[in-house]
Amino acid sequence: MTNMIQAARNQVAALTQTAYEQAAAAGVLPAGAQVKATVEIPKDTSHGDYASSFAMAGAKALHMAPRAIAQAIVDHLELEGSYFNQVEIAGPGFLNFTLGPRWYGEVLSAVEDEGPDYGSGTEGAGKRVMVEFVSANPTGPMHMGNARGGVLGDTLANVLARDGWKVWKEFYVNDAGNQINKFARSIYARYQQIVWKDDTLPFPEDGYQGEDIRELAQALYEECGGDFINEPEEDALFQMAQFGLERNIPKMKDDLKKYGIEYDQWYMESWLHDRGFVADTVGLLTEKGWTYEKDGALWLNTTGLLKKKYLAEGKTQEQVDKLDLKDDVLRRANGFYTYFAADIAYHRNKLEERKFDLVINIWGADHHGHVARLQAALDGLGLDGSHRLVIVLMQLVNLLQDGKPVRMSKRTGKAIALHDLLDEISVDAARYYFNNRTPSSPLDFDLDLAVRQDSENPVYYVQYAHARICSLLARLAEEDGAAVPAAGAVDAALLAAPEERALVKALAQYPEELHLAARDFDPSRINRYLTALAGDFHRFYNACRLKGEAPGLLAARLKLADTVRSVLANGLGLLGVTAPEKM
């Protein structure tokens, strides 16, 4: 797909190299030099649009002063038919290239030709990537961290797909292990209190205290009465867990669907246990010499695995020796496998059984200590977890209203869950805000700002730019019969105002931003890009008239405005945010 920023860079390098070869053939410069020059975009456009360091980089090899080299290059440059209409020598010998109309016209053509695919890349080369995100325990409602992780994972998946990856989205359901046992015991205790009408009956010290547990116990009692009171406790607890999961998981699916998130698969932890895959994975680690027994439990030699990993990454033995490394239990003395053992098995399933080239997990920052341990365990299985498993750590969300932290819903009096938030604000606002900062930055979510309809609200600001363009085009079509022309019919030389050129350059930047968002696993780049593009459009609109202009200039400005509309809609679509035509 077209990247006009890179195309211009490549052309600067090619033009400069050709000019050097012609200067060498004319005997002005020594022949045969291999010059590794850089091509940069100056922050100050008075220094040109692209700057080549060829003259400075080649000074040593050519045994000449940089400015003399630069002059020889300029004397032999052929700009006819190129993207550039001017080149100047600056400072110690920079070659500053200024873009001409052809480049501006081709940006408009690229957006038109590629339509919804504009900005797409090929970096992923069709390789398979799984993005696993949210994966909240199905023991209660999803909280604000899950809300942020949801939009971050979903948007990252969209960005990766546009950069050429074959993407699979997955939710890992922890429907086994200690958390589910605690969940079942909590429901059972509340159920017994209801059956015996006695709130003083014992409740597990580490049980889930939420009102949702009481509601599940009440629903169970209304459906089954006291049927489970006389059953063996193990059977009753199994039924409690199943009853709770059968109600909580569909609620989670409904909340996430309302939030615009649907997965390719909801993968159950119990599937791994039921077919013996966790035991098999622990057995493989034992075969490879990475486990030992102590106090009746089976331990993973995490210390040895991490030392090997860190030394391979370049740490010194002295640095590694200073780390406070600890081993992990895989199978407890009672024969039950730990969550860590199941997690290793699940990731072995992703990499070995389902053969994903790359797996990405979105985790809360409080899990940072688990990252290297899991990667090292996968290294121990020969699965190259240090490179094939990427963990994106996400900082906390601070919910604010009236400038103060908010932790409880005014309506329910309970901790705010995702479904409570979506009762207060639009899905568009939630998705835009939760993706508005890099994952590693804490996020202040201002509820008051999220519902404001002015330029202070970033989602409103971007959506308003899109709606403003739609209204403008409709009005000019109705009042003046002015239609948006094809890019090939536009004289790009007429787009000469600084605001017009800045806007075209911003449009050209989109493929680069999309690629960097995928490369850095940071989809918040798209938010920042769209906010900046909306600002560039508003400045263009205030500086450059459309109505009443000469036909050629009107046509060029109509096309520019419509091209901005297209890219705004493109980017908002990646974020899962609507692009309204009216506001």
Side-chain angles (χ1 to χ4, degrees), residues 1-2 4 7 83 85 99-120 428 453-455 457 459-511 529-575 577-583:
M1 293 295 179
T2 306
M4 292 300 297
Y83 292 143
N85 62 5
L99 290 164
R102 180 183 167 191
W103 184 85
Y104 291 99
E106 287 197 16
V107 172
L108 302 181
S109 293
V111 180
E112 177 182 279
D113 294 344
E114 295 171 22
D117 293 326
Y118 179 65
S120 297
D428 282 349
Q453 296 192 354
D454 60 32
S455 61
N457 179 351
V459 65
Y460 180 89
Y461 184 69
V462 174
Q463 288 181 314
Y464 177 66
H466 183 272
R468 189 180 204 180
I469 296 169
C470 292
S471 298
L472 169 69
L473 298 180
R475 188 174 74 250
L476 288 171
E478 181 181 348
E479 294 175 0
D480 302 335
V484 176
V490 168
D491 181 358
L494 296 174
L495 298 172
E499 294 81 5
E500 291 167 326
R501 294 196 167 180
L503 193 49
V504 179
K505 288 178 183 176
L507 293 168
Q509 187 65 30
Y510 183 57
Y529 169 80
L530 291 174
T531 301
L533 179 62
D536 287 332
F537 173 76
H538 292 312
R539 281 184 286 277
F540 155 77
Y541 183 82
N542 292 331
C544 301
R545 287 191 323 166
L546 280 84
K547 191 173 180 64
E549 287 291 358
L553 182 56
L554 173 61
R557 288 178 174 171
L558 280 172
K559 184 60 182 177
L560 178 54
D562 188 56
T563 306
V564 175
R565 177 204 57 75
S566 173
V567 174
L568 285 171
N570 186 320
L572 287 169
L574 282 178
L575 303 182
V577 175
T578 61
E581 295 186 7
K582 292 181 180 179
M583 290 181 72

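For OH of Y464, the number of neighbouring non-hydrogen atoms (other residues, nucleotides, ligands) closer than 6.0 Å is 12 at most.
Between L473 and D562, the closest heavy-atom pair is CD1-OD1, 3.3 Å. Smallest separation of non-hydrogen atoms from Y510 and G119: CD2-CA, 4.0 Å. Nearest heavy-atom pair, L568 versus A465, reported as atom, atom and distance to 0.1 Å: CD1-CB, 3.9 Å. When all heavy atoms of Y461 and G535 are compared, the closest pair comes out as OH-CA, 3.0 Å.
Residues passing the side chain to side chain donor-acceptor pair (under 3.5 Å) test with T2, sequence neighbours excluded: E114. Every residue meeting the side chain to side chain donor-acceptor pair (under 3.5 Å) condition with S120, not counting sequence neighbours, appears here in chain and number order: R162. Legend: residues meeting side chain to side chain donor-acceptor pair (under 3.5 Å) with D113, ordered by chain and number and at least two apart, are absent. Every residue two or more places apart in sequence or in another chain that forms a side-chain contact (heavy atoms from CB on, under 4.5 Å) with A556 is listed here: V490, L495. Looking at residues two or more places apart in sequence or on another chain, you find no salt bridge (Lys or Arg N to Asp or Glu O under 4.0 Å) involving E478. Contacts of Y104 classified as ring pair (Phe, Tyr, Trp, His ring centres under 6.0 Å), with partners at least two apart in sequence or in another chain: none. Scored by the side-chain contact (heavy atoms from CB on, under 4.5 Å) test, A579 finds H466, A569, L572 as partners (sequence neighbours excluded). Partners of D536 according to the side chain to side chain donor-acceptor pair (under 3.5 Å) rule, which considers only residues two or more places apart in sequence or in another chain, are R539. P580 meets the side-chain contact (heavy atoms from CB on, under 4.5 Å) test with Q463, T578, M583; sequence neighbours excluded.
Of the possible polar contacts, one joining the N542 side chain to the H538 backbone as a donor-acceptor pair under 3.5 Å is found. With Y118 contributing its side chain and L507 its backbone, the two residues share a donor-acceptor pair below 3.5 Å. For Y529 (side chain) and A506 (main-chain N/O), a donor-acceptor pair under 3.5 Å exists by modelled atom type. Within the 3.5 Å criterion, the main-chain N or O of M4 finds a donor-acceptor partner in the side chain of W103.
Neither side chain, Y460 nor D454, offers a donor N or O lying under 3.5 Å from an acceptor on the other.
Listed by first and then second residue, the salt bridge (charged side-chain N to carboxylate O under 4.0 Å, His left out) pairs involving residues 464-475 amount to none (not counting sequence neighbours). Screening residues 487-503 for side chain to side chain donor-acceptor pair (under 3.5 Å), with sequence neighbours left out, gives E500-R557.
Separating the CG atom in L553 from the CG atom in L558 is a distance of 9.5 Å, to the nearest 0.5 Å. Interatomic distance, CG of L546 versus CG of L472, reported as 5.5 Å (0.5 Å rounding).
Counting heavy atoms from C-beta outward, V459 and N457 have side chains that approach closer than 4.5 Å.
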If you look only at distance, which donor and acceptor atoms sit under 3.5 Å apart when one is on a side chain in residues 479-489 and the other is two or more places apart or in another chain?
unit_1: E479; atom_1: OE1; unit_2: K547; atom_2: NZ; d: 3.2
unit_1: D480; atom_1: OD1; unit_2: K547; atom_2: NZ; d: 3.1
unit_1: D480; atom_1: OD2; unit_2: K547; atom_2: NZ; d: 3.1

